[in-house]
Structures are given as C-alpha cells and as structure tokens.
Amino acid sequence: MIELIKNEKELRTSRLHSEKDIDLIGTGGYVSPIDHLYEDVLIAVSLKKPVLLKGPTGAGKTKLAETVSHFFSQPIQSINCSVDLDAEALLGFKTIVIKEGTNVIEFVDGPVVEAMKKGHILYIDEINMAKPETLPILHSVLDYRRMLTNPYTGEVIKAHPDFSVIAAINEGYIGTTPMNEALKNRFVSFSIPYITGELLEELFNNLFPNAPKDLHTLMLNLAEDLMAQVQQGLLAEDAASIRSLQYAMDLAQYMDPLRAIEYAIAEKLDDEQEKRLVLELASSWVK
Ligand SMILES: Nc1ncnc2c1ncn2[C@@H]1O[C@H](COP(=O)(O)OP(=O)(O)OP(=O)(O)O)[C@@H](O)[C@H]1O
Ligand SMILES: [Mg+2]
C-alpha cells in the first residue's frame, strides 16, 4: 500500500468518535473486480476528491463505500436521492425546542452539515435521481472550497479535514436524469463492474463457507453463463447482478436450487424469454 494511503489511514483512524457515530462505521468485504480499482478509490479519497461510483445494480457500489469507511474507521452517513429530496433533507431544518421554560428555535443539522463538521464520509446514493435544481447547493462543498454557507442559518461551515464524499449512480435507469455537467465535473469517476470467475468464487467462499460444494459450482457456472449472455445482449445486465446471485445462494441452501434461481434471478427480469433462458441455463448445470 502506498505511503499516501497509509498516512491518511493513520490520521483518520486516530480520530475519536462518539458511540453513536462508531455504529456508523461500515463493514469491509468489498472484492475489487480489477487490480488496483479499490486502491485507486482509496487514493482518490485520501486526496479528498469526491468519488463517483458508476455501475449496475448489485455491483457492490454501496459495499465499496462501506469498505472504505471500514478501512479508515470513519463513520459513513447516507443520503438517498429522490425527486423529493430538497435542501432541508441535505442541510437540516429549524425546529422549536423548550429550554428553561421558553421556546427557542434550534437548527437540526442534516447529513451534509453533520458529515462536514464531524469529518464523516458522506455517501450520496442514486445521485442522478435528485431534481437537477437541488444539488447545486453542494457545489462549493464538492470543489476545492470544501465549505458551505447554510442558507437557513447563515452559518459558514468549513469541512473537517477527513470529510469525504462518495456518490453512486446506476446509469440509464428509468427515473434517472443525466447528471448535470458541473456537478459531474467535481468528481473523479470509477466504473464498477460485476465481479466474475475466481473473484466471485472467493466472495462466495467467504460468504457461504458451509454451503455444499456442488451448490457453489452450480452458482459459479450459472454466473459465467449469465455474464456471457449479457455480453451477447441476450439478457439484461441486471441478470448477472451479484446481489441476485447471492440471494439465490441464500435460498438454495433451503430449497431446490432451480426454484431459488427462479425467485432470486429469473422472476426479476421483465422479459418472458429472458426468464426462460435463465432457467434453461440453470437446468443445464443441475445434475
Ligand atoms: N465486488 C464485490 N465485493 C463484495 N461484495 C459484493 C461485490 N459485488 C457485489 N457484492 C455483494 O452484492 C450485494 C449488493 O451489493 P451493493 O448493495 O453494494 O450493490 P450496489 O452496487 O450498491 O447496488 P444498487 O445500485 O442496487 O444500490 C451485497 O451483498 C454485496 O456484498
Ligand atoms: Mg447501493
């Protein structure tokens, strides 16, 4: 591991966090699909560059962010973007509290402000689901200024040195809009593909150490087939989702693997022909 990351890890792990915030530290376990990908993300985070993870559903984007949090022992706060996301959901809101018998107005910090002040990782999920007018409020947070003037309180917030941003998108899905150029420009961007072959085998060995050997073989062979069909354009990309394969493996330990594959993979595809194809591929591996 390079010196930059080592030094940054030392700094970040030395910070004290409250018990509540310690609960926000992620678990590790991300398996890097390409040599260097995970380390390159750590370099970008160490350099305080906002990181954008682009990839299909169930490719491990959230897992990667959680693993970065684990690596730096740094709490991670999440925002889920939707069309309803507004400035208050990001920055916080005013509320009335009773102090010594009188009503006082207090501001409750939202996830962005809290992460900036406490030096947490801010994970912005599905950043391209947000309304385009909501996110420009983050521009000064995401560029070299690393600061924000809270429009509700006038407070100027300078980010803690550890504050880091990781965002994720599923490109091209229904309901998503292309990211605004100025927003996208503030990130360094990583493509996150599904893991395959030996890496998937390694992941499944870790996750399912007690599952029968032939079940491992079945799922890994099916995963290879699904990936090949996706590459040929015969199956939707989600068909090879690692999440779905993992669910199939979970279920298959308690039921006929073909039914497990039907529920966890085939039934989630919209196209009838694709469903049949998945089940045929699976059947060909069942003895
Ligand atoms: N490369 C990987 N290493 C470790 N686990 C992985 C990997 N890829 C997928 N997984 C596992 O697959 C499941 C889905 O991963 P995750 O939730 O991170 O996907 P995602 O890319 O965030 O999907 P979505 O876009 O739907 O939010 C998790 O249980 C995760 O552990
Ligand atoms: Mg996710």
Side-chain angles (χ1 to χ4, degrees), residues 24-42 45 50-71 76-83 85 111 121-130 164-179 187 189-211 215-216 219-220 222-224 226-227 230 235-253 260-261 263-265 267-270:
L24 297 176
I25 296 175
T27 51
Y30 179 71
V31 177
S32 189
I34 309 157
D35 267 0
H36 295 299
L37 177 77
Y38 173 58
E39 196 172 317
D40 291 349
V41 169
L42 289 178
V45 171
V51 163
L52 179 66
L53 307 176
K54 302 183 297 177
T57 181
K61 299 182 293 297
T62 303
K63 189 71 179 174
L64 171 50
E66 294 267 325
T67 306
V68 172
S69 156
H70 179 78
F71 178 80
I76 182 163
Q77 311 225 11
S78 295
I79 306 172
N80 265 294
C81 295
S82 70
V83 284
L85 187 88
I121 296 170
L122 181 67
Y123 183 65
I124 311 177
D125 209 0
E126 314 230 31
I127 191 165
N128 53 341
M129 292 286 269
S164 302
V165 176
I166 302 178
I169 56 173
N170 285 324
E171 271 177 320
Y173 277 62
I174 298 162
T176 63
T177 41
M179 256 172 99
F187 286 90
S189 190
F190 296 86
S191 241
I192 308 298
Y194 291 134
I195 49 169
T196 54
E198 281 175 13
L199 295 173
L200 186 59
E201 188 173 351
E202 177 190 324
L203 177 67
F204 275 14
N205 283 338
N206 289 337
L207 292 175
F208 308 105
N210 301 320
L215 197 53
H216 276 275
M219 290 299 173
L220 292 170
L222 177 64
E224 288 300 305
L226 293 175
M227 194 55 86
V230 168
L235 281 178
E237 193 174 24
D238 309 5
S241 164
I242 305 302
R243 179 186 290 121
S244 298
L245 284 162
Q246 209 172 296
Y247 285 1
M249 192 75 173
D250 281 323
L251 296 180
Q253 290 173 75
I261 290 162
Y263 305 144
I265 304 173
E267 275 303 326
K268 294 185 325 204
L269 299 169
D270 296 325

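Order of listing sets the numbers, starting from 1, for every ligand and every atom in it.
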Any N/O pair [X]/ligand 1 closer than 3.5 Å:
X    : result
G58  : yes
Y123 : no
G60  : yes
G55  : no
T57  : yes
V31  : yes

In Å and rounded to the nearest 0.5 Å, what is the OG1 to CD distance from T196 to E201?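 Rounded to the nearest 0.5 Å, the OG1-CD separation comes out at 11.5 Å.
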
To the nearest 0.5 Å, what is the distance between CE (M227) and CG (L235)?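 So the CE of M227 and the CG of L235 are separated by 11.0 Å.
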
Tell me the protein heavy atom at minimum distance from [atom], and give that distance in Å.
atom                    : value
atom 20 (P) of ligand 1 : K61 N, 3.5 Å
atom 11 (C) of ligand 1 : Q246 OE1, 3.2 Å
atom 18 (O) of ligand 1 : K63 N, 2.8 Å
atom 27 (O) of ligand 1 : R243 NH2, 3.7 Å
atom 10 (N) of ligand 1 : I242 CG2, 3.7 Å
atom 8 (N) of ligand 1  : A59 O, 3.2 Å

Which pair of heavy atoms, one from S69 and one from I76, lies closest together, and at what distance? OG-CG2, 3.7 Å

Looking only at heavy atoms, what is the nearest atom pair of L203 and G29, with distance?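 The answer is CD1-O, 4.3 Å.
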
Any side-chain heavy-atom pair from [X] and [Y] closer than 4.5 angstrom?
X    : Y    : answer
D250 : L207 : no
I166 : I124 : no
P193 : I34  : yes
M219 : Q246 : no

Worked verdict on K54 versus N170 for side chain to side chain donor-acceptor pair (under 3.5 Å): CA-CA 6 Å; K54 302 183 297 177; N170 285 324; over 6 Å; no

Between the candidates L203, L200, L37, L64, which shows the shortest non-hydrogen contact distance to atom 5 (N) of ligand 1? L203

[X] neighbourhood, listing ligand 1 atoms whose heavy-atom distance to it stays under 4.0 Å:
X    : value
G29  : 3 (N), 4 (C)
N170 : 25 (O)
Y30  : 1 (N), 2 (C), 3 (N), 4 (C)

Name the orientation class of the two ring planes belonging to Y30 and Y38 (parallel below 30°, tilted from 30 to 60°, perpendicular beyond 60°). tilted

Taking everything shown except Y247 itself, do over 12 heavy atoms lie less than 6.0 Å from its OH? no

So does T62 have any N/O/S atom less than 2.8 Å away from the Mg ion (ligand 2)? yes

